[in-house]
Amino acid sequence: MATSFPDLIQPRLEAALQATSIGSELPEGFSPAVDPAQNKQFGDYQTNAAMVLAKRVKKNPRELAAEIVEAFDGEGLTEKPEIAGPGFINFRLQTDVLEQRVSDLLADSERHGVDAVADPQTVVIDFSAPNVAKPMHVGHIRSTIIGDSLARIARFMGHQVITDNHIGDWGTQFGMILHGWKNELDQAALEADPVPELLRVYKTVNQMCKDDPELKETCKAELVALQAGDEENLEIWKKCVDLSKQGLQKIYDKLDVEFDHWLGESYYNDALEPLVKSLVEKGIAKESEGAMAVFFPDHEKLADQPPAIIQKSDGGFLYATTDLATIDHRVNEFGANSIWYVVGAPQQLHFDQVFEAARMMGHDAALEFVPFGSILGKDRKMYRTRSGDTVQLDDVLVESVSRAKKIIEEKNPELPEEEKAEISTAIGIGAVKYAELSQYRMTDYIFDWDTMLALKGNTAPYLINAYVRTRAIFRKMGSDFAEAEQISLTADAEKALALKLAQYAETVPNILSDFRPNTLATYIYELATDYHKFWEACPVLKSEGATKETRLALCELTGRVLQHALGLLGIKTVEKM
RNA sequence: GCGCUCGUAGCUCAGCUGGAUAGAGCAACGGACUUCUAAUCCGUAGGUCCCGUGUUCGAAUCACGGCGAGCGUGCCA
C-alpha cells in the first residue's frame, strides 16, 4: 500500500531537523506540517517548519531553512528543496517517483491509494429522520444527502457504520391525524396514493384546528387515547406509519440511500419512564415548575440557558427524553463509540443539552452534532412554492430529472430511450446531491435550478462528463485498459494530473475531521479540471509507445477515481451522456 | 437580555487546524472545433475579505469590542 507523499516527506524532514543546530532543542512532539504547494511555481509540496521553529528558538527563519535544506535527504523522493519567501521550504517530487506512484495506483483498484484508519470505530449515523404522515420536503434534502455521504465515506475509511433513520413516528401530530383519519379520510384516494392523502388529511385538520379550539381538544383526546393504548387508535397509527414508510422508501430508492435501522421515536416509548426515574434517582434531573428538568449549573454555556425538560407537567415526555433513551440503546445494543447527528443548525442548544446530560449519565461515546444551514429561495427566505407551501423533495427530484432529460434530448437525440432515461436520472439526481455537497454545510443554501443543472462550472454534469470522456477513449480504442509496462511523464498536464490522482490519498482521510464532504467535492472538481486540461493538451490515441501507455493509464486512473469519489458522495456515473 | 451561526468579486460560493501576489464558477468581453464527446479549453476584466483594536516575523483565518443578517431561547420536534 502506497503512503501519501506528505507522509513520506515528513519523516525525512524530521530527520533533517534533528541534524540542524537546533536539533537538540526541538519542542516536544513537534511535527512539521507538509502541505500541497498553493501555486505550481513553488513545486509540489511545502513546509513552513522553518518559520514556526525560528519563532520559538529566536533564529532567522531563512538561515534555519538553509540548514534544514542542507540536511534534508531527498534521495529517491524529491529534488533538492528550495527556500522561498520568508522561509518556506518547497519540495518537488522526482519524476520517476510520480511515475512509480502511477504504477502503484494502477495496481490498487480497490482503495486508490487511500489507507483505512488505524483505529476503526463503531459509528451510528443519525440522519434524514422525516416525520411520518408528512412527505419529505426540501428541508430533508440536506440531512439525507449529507448523512448518506458521511456514511459512505466512514465505511470506506474502515469504520463500522450503522445508519439509523430516527423517524418521527410518535408525537402530537398524531392527534390530528387520528381525528382526520376517522372523519376526513377519502378511502379511494388513500388506496390510490396513500401519502398525499395522509398529508391532505393532516393539513385539513391542522387548518380547522386553527380557528376551532374545541376541535383542538378533540384531537388532543385522540392523542391521549393513543398513548394510553386505545386499540382502534393504535391500529390506525400503525397503518399510518406503514403507509408512510412505503412512501419514504420510494424516495430513498430514487436517492439510492439505505438505512440499517428505522428505529423511530415510538421504539423508545417504554424506555422513557424508567429513564426519567433513573435520572431523578441519580440526582441528574429534578422537579421544576411541575416538570422534570435537567439543569447544567456547572456548564460554562448551558448554565445561563433554560434547562432541558425531560417530562412535562402533564406527565408526557419530550424529544430530549427520547434522544437520551436512543443514546442508551445505541451505546448498549449497537456498541457505538461514536454517534453523529446530521440535523439542522437551529437544534444546537438541544444537542448541547442532550450531549451534556448523556455525559452526566456516564456515557463516554463521542457525540457529534453535524449541523447544517437552511435552504432559501432566491429571495433569501425559506424556500417555498408560489402558494406558500413547503417544497416537496420528490417534486424537486422529478423536476431535476426532467430538466436533465430535456438537455440530453438536445445534445444527444440519437441515444436509445432507455439510455436517455438512465442518464437523465443519474444527472438529475446527481445534480441535486452535488449542489448540496459541494457547499460548506453551514452556509445557507440558495436553491436555484439554473446553478444546479448548469452544464459548466462546478456541477454534477461537468464532473460526470469528465468521467464519460475517460470512457470515450477506451470505447473508441475498442478495448478496456489492459496494463502499462512503462510509465513516462513528460508533459506538464500529465504530471499535474498524476499528482492530483495521488492526492486522493490525502484528501479522503481529512473529510471526516470536520465532516466536510465539500472538501471532497473540491477535489473532484480539480481532478476533473486537470483531466479536461490534459485532454486538450495531450492526444491519447494518436500518441505512441510509452507516451500512449502513460496517457491511457492516466485516463484509466482518472476514470476510476472520479467514479469512486463521486460514489462517496452518492452520485452515479454513466458511460455516455 | 443570553446563546448559536453567518458576513469574501455584480451574483452563487471555496479558502479545515494562522503562511507567499485572497481563489473558482456564473454573468460580461475576446479567442480555439475537417480532433479521443466544444456538456470542453485558453485569455481579459472584476476585491477597503463588514468595521476597529490586539496577538504574531506573518491575520480572510486566532482573541476582544462594535455593526448587520438569520436562527434558538422552560413543558412542539
Side-chain angles (χ1 to χ4, degrees), chain A residues 33 35 37-39 41-42 46 48 51-52 54-55 60-61 84-88 90 129 131 168 171-173 265 288-293 301-302 304-314 316-320 322-323 343-350 352 371 373-374 376 378 380-382 407-408 410-412 427 435 438-440 442-446 448 450-451 454-459 461-462 464-466 468-477 510-511 513-516 518-519 521-522 525-526 528-529 531-533 535-543 551 555 576-577:
Chain A
D35 298 310
Q38 293 182 349
N39 191 323
Q41 69 183 32
F42 298 132
Q46 60 167 267
N48 57 14
M51 290 180 289
V52 174
K55 175 157 46 173
N60 179 310
F88 288 99
N90 295 326
N131 275 321
T172 42
Q173 82 263 30
E265 292 171 341
S288 169
E289 299 177 24
M292 284 298 172
K301 288 277 159 63
L302 295 178
D304 296 333
Q305 300 296 323
I309 295 184
I310 55 170
Q311 186 169 23
K312 299 194 277 187
S313 46
D314 69 3
F317 303 103
L318 296 102
Y319 78 141
T322 316
D323 277 347
V343 182
Q347 299 206 38
Q348 179 83 52
L349 175 62
H350 166 71
D352 284 348
S374 316
L376 308 176
K378 275 186 162 174
R380 289 213 155 262
K381 291 185 179 148
M382 290 301 265
I407 296 165
I408 290 161
E410 281 170 26
K411 295 273 179 187
N412 242 333
I427 291 181
S438 58
Q439 197 158 322
Y440 175 52
M442 282 306 291
T443 308
D444 281 345
Y445 173 72
I446 297 190
D448 178 26
D450 295 332
T451 313
L455 306 176
K456 349 174 159 183
N458 194 0
T459 62
Y462 176 89
I464 295 174
N465 178 238
V468 165
R469 283 179 147 194
T470 67
R471 303 307 305 155
I473 301 252
F474 295 105
R475 196 160 52 238
K476 178 86 175 188
M477 191 168 78
N510 259 326
I511 304 168
S513 66
D514 196 28
F515 310 105
R516 290 191 185 220
N518 70 304
T519 57
T522 300
Y525 178 62
E526 287 170 357
T529 302
Y531 180 71
H532 278 133
K533 286 178 185 172
W535 172 281
E536 298 286 333
C538 303
V540 177
L541 297 178
K542 282 181 185 162
S543 59
R551 290 179 179 176
C555 292
K576 294 183 202 167
M577 64 191 282

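Letters A, B, ... are given to chains in the order of the sequence lines, protein chains preceding strands, and every chain is numbered from 1.
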**Q** Would you mind reading off the distance between A:Met442 atom CE and B:G70 atom P, rounded to a whole angstrom?
**A**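 About 16 Å, once rounded to whole Å.
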**Q** Considering Watson-Crick and G-U wobble pairs with both distances under 3.5 Å, what does B:G68 pair with?
**A**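 When the pairing criteria are applied, B:C6 turns out to be the nucleotide that pairs with B:G68.
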**Q** If you measure from the ring centre of A:Phe42 to the centre of the six-membered ring in the base of B:A20, is it under 5.5 Å, with the planes under 30° apart?
**A**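 One would call A:Phe42 stacked on the B:A20 base.
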**Q** Taking A:Arg516's backbone N and O only, do any of them form a donor-acceptor pair with A:Asp514's side chain (distance below 3.5 Å, no angle check)?
**A**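 Flag not set: sc A:Asp514 to bb A:Arg516 has no pair under 3.5 Å.
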**Q** Any N or O donor-acceptor pair under 3.5 Å from the base of B:G25 to the side chain of A:Thr459?
**A**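 Side chain to base: no pair present.
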**Q** Between A:Tyr445 (OH) and B:G7 (C1'), how many Å, whole number?
**A**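 It works out to 20 Å between those atoms.
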**Q** Which whole number of Å gives the distance between the P atom of B:A22 and that of B:G47?
**A**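 My reading of the P atoms in B:A22 and B:G47 gives 12 Å.
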**Q** Roughly, in whole Å, what's the span from CZ in A:Phe474 to C1' in B:C36?
**A**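 Rounded to whole Å, this separation is 11 Å.
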**Q** Evaluate the side-chain contact (heavy atoms from CB on, under 4.5 Å) criterion for residues A:Asp352 and A:Lys301: first the C-alpha distance (whole Å), next the side-chain angles of each, then the deciding distance (0.1 Å), finally the verdict.
**A** CA-CA 9 Å; A:Asp352 284 348; A:Lys301 288 277 159 63; over 6 Å; no
**Q** When you measure from the side chain of A:Asn90 to the backbone N and O of A:Gln46, does any donor-acceptor pair fall under 3.5 Å?
**A**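 Side chain of A:Asn90 to backbone of A:Gln46: no pair is present.
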**Q** Taking the C1' atom of each, how far is B:C42 from B:U8, in whole Å?
**A**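 Their C1' atoms lie roughly 27 Å apart.
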**Q** Using both distances under 3.5 Å as the test, list the Watson-Crick or G-U wobble partner of B:G1, or none.
**A**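 B:U73 is the nucleotide pairing with B:G1.
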**Q** What's the gap between B:C62 and B:C4 when it is taken at their P atoms, as a whole Å value?
**A**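 One P to the other, the span is 14 Å.
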**Q** Considering just the side-chain nitrogens and oxygens of A:Tyr440, establish if one lies under 4.0 Å of OP1 or OP2 belonging to B:G7.
**A**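 Checking B:G7 against A:Tyr440, no side-chain N or O comes under 4.0 Å of OP1 or OP2.
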**Q** Could you let me know what B:C62 is paired to, Watson-Crick or G-U wobble, both distances under 3.5 Å, or none if it's on its own?
**A**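 Check on B:C62: paired to B:G54, both distances under 3.5 Å.
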**Q** Which of the following nucleotides, B:C13, B:U40, B:C36, is nearest to the side chain of A:Tyr462?
**A**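 Side chain of A:Tyr462 sits closest to B:U40.
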**Q** Taking OP1 and OP2 of B:A39, is either one under 4.0 Å from a side-chain nitrogen or oxygen of A:Lys411?
**A**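 The answer is yes; a side-chain N or O of A:Lys411 sits under 4.0 Å from OP1 or OP2.
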**Q** Could you tell me how far B:C50 sits from B:G10 if I compare only their P atoms? Round to whole Å.
**A**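 Result for the P pair: 13 Å, nearest Å.
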**Q** With rounding to the closest Å, how many angstrom separate the C1' atoms on B:C26 and B:G46?
**A**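 It works out to 13 Å between them.
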**Q** For B:A39, does OP1 or OP2 lie under 4.0 Å from any side-chain N or O of A:Lys576?
**A**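 Result: no.
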**Q** Can you label the angle between the A:Tyr525 ring and the A:Tyr462 ring as parallel, tilted or perpendicular, going by 30° and 60°?
**A**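 Tilted, since the angle between the ring planes falls between 30° and 60°.
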**Q** Considering just the side-chain nitrogens and oxygens of A:Gln305, establish if one lies under 4.0 Å of OP1 or OP2 belonging to B:C2.
**A**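 No, no such contact exists.
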**Q** Tell me the partner of B:U35, counting only Watson-Crick (N1-N3 plus N6-O4 or O6-N4) or G-U wobble (N1-O2 and O6-N3) with both under 3.5 Å; none if nothing fits.
**A**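 None - no nucleotide pairs with B:U35, as no candidate has both distances under 3.5 Å.
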**Q** Under a 3.5 Å cut-off for both contacts, is B:G18 paired Watson-Crick or G-U wobble with anything, and if yes, with which nucleotide?
**A**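 Partner of B:G18: none found under 3.5 Å.
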**Q** With a cut-off of less than 4.0 Å, is there a side-chain N or O of A:Asn518 near OP1 or OP2 of B:G15?
**A**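 Yes, A:Asn518 has a side-chain N/O under 4.0 Å of OP1/OP2 on B:G15.
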**Q** Could you give the distance separating B:C57 and B:U73 at their P atoms, to the nearest angstrom?
**A**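 45 Å, rounded to whole Å.
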**Q** For A:Gln173 and A:Gly168, which heavy atoms make the closest approach, and how far apart are they?
**A**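 Where A:Gln173 meets A:Gly168 most closely, the heavy atoms are NE2-O, 3.4 Å.
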**Q** By nearest atom, which of the nucleotides B:A39, B:C36, B:U73 is closest to the A:Leu349 side chain?
**A**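 Nearest to the side-chain atoms of A:Leu349, counting from C-beta on, is B:U73.
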**Q** Please determine, for the side chain of A:Ser513, which listed nucleotide (B:C16, B:C75, B:G72) has the closest atom?
**A**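 From the listed options, B:C16 comes nearest.
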**Q** For A:Met477 and B:U37, give me the distance from atom CE to atom C1', rounded to whole Å.
**A**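 A:Met477 atom CE is separated from B:U37 atom C1' by 17 Å.
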**Q** Using whole Å, report how far CG of A:Asp352 lies from P of B:C71.
**A**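 Going from CG in A:Asp352 over to P in B:C71 covers 19 Å.
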**Q** Any side-chain heavy-atom pair from A:His350 and A:Asp323 closer than 4.5 angstrom?
**A**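 Yes, close enough: below the 4.5 Å cut-off.
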**Q** Checking all strands, does A:Pro539 fall into the base, sugar-phosphate, or nothing category for heavy-atom contacts under 4.0 angstrom?
**A**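 Touches a base.
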**Q** Map A:Gln38 and A:Ser438 onto RNA chain B by nearest heavy atom, then report which one ends up closer to the 5' terminus.
**A**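 Looking at the nearest nucleotide for each, A:Ser438 comes out on the 5' side.
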**Q** A:Lys476 NZ to B:U37 P: how many Å, rounded?
**A**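 Interatomic distance, NZ of A:Lys476 to P of B:U37: 6 Å.
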**Q** First locate atom CD of A:Gln439, then atom CG of A:Asn458, and finally report the distance between them rounded to the nearest 0.5 Å.
**A**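 Separation between the atoms: 10.0 Å.
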**Q** So what does A:Glu265 hit on the nucleic acid, given a heavy-atom distance under 4.0 Å: a base, only sugar-phosphate, or nothing?
**A**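 Sugar-phosphate: the residue A:Glu265, judged by heavy atoms under 4.0 Å, touches backbone atoms but no base.
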**Q** Any side-chain N or O of A:Arg516 less than 4.0 Å from the OP1 or OP2 oxygen of B:G15?
**A**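 So the side-chain polar atoms of A:Arg516 do come within 4.0 Å of the phosphate oxygens OP1 or OP2 of B:G15, strictly under.
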**Q** Can you find a donor-acceptor pair, distance only, under 3.5 Å between A:Asn48 side chain and B:A20 base?
**A**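 Under the 3.5 Å cut-off, the side chain and the base do not form any donor-acceptor pair.
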**Q** Taking only side-chain N and O atoms of A:Lys542, does any of them lie within less than 4.0 angstrom of OP1 or OP2 on B:C36?
**A**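 For A:Lys542, the contact criterion (side-chain N or O under 4.0 Å from OP1 or OP2 of B:C36) is not met.
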**Q** Quick one: CG on A:Asn412 to NZ on A:Lys576, what's the gap to the nearest 0.5 Å?
**A**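 So the CG of A:Asn412 and the NZ of A:Lys576 are separated by 8.5 Å.
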**Q** I need the CG-P distance between A:Leu302 and B:C2, as an integer number of Å.
**A**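 In whole Å, B:C2 P lies 17 Å from A:Leu302 CG.
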**Q** Please state how far atom OH in A:Tyr319 lies from atom P in B:G72, giving the value in whole angstrom units.
**A**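 It works out to 11 Å between those atoms.
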**Q** Using only side-chain N and O atoms of A:Thr443, determine if any of them is under 4.0 Å from OP1 or OP2 of B:A14.
**A**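 For A:Thr443, the contact criterion (side-chain N or O under 4.0 Å from OP1 or OP2 of B:A14) is met.
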**Q** Is there a Watson-Crick or G-U wobble partner for B:C11 with both distances under 3.5 Å, and if so, which one is it?
**A**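 Here B:C11 is engaged in a pair, and the nucleotide opposite it is B:G25.
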**Q** Looking only at side-chain atoms of A:Val468, point me to the closest of B:C41, B:U37, B:U73.
**A**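 Taking heavy atoms from C-beta onward, the closest nucleotide is B:U37.
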**Q** Between A:Tyr525 and A:Ile309, who's closer to the 5' end of RNA chain B by nearest nucleotide?
**A**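 Its nearest nucleotide lies further toward 5', so the answer is A:Tyr525.
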**Q** Which distance, rounded to the nearest 0.5 Å, do you find between the CD1 of A:Ile309 and the CE of A:Met292?
**A**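 It comes to 11.5 Å.
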**Q** Using the C1' atom in both, what is the distance from B:U17 to B:A69, to the nearest Å?
**A**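 Looking at atom C1' only, B:U17 and B:A69 are 28 Å apart.
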**Q** Between B:A20 and B:A59, how far apart are the two P atoms, rounded to whole Å?
**A**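 B:A20 and B:A59 have their P atoms separated by 11 Å.
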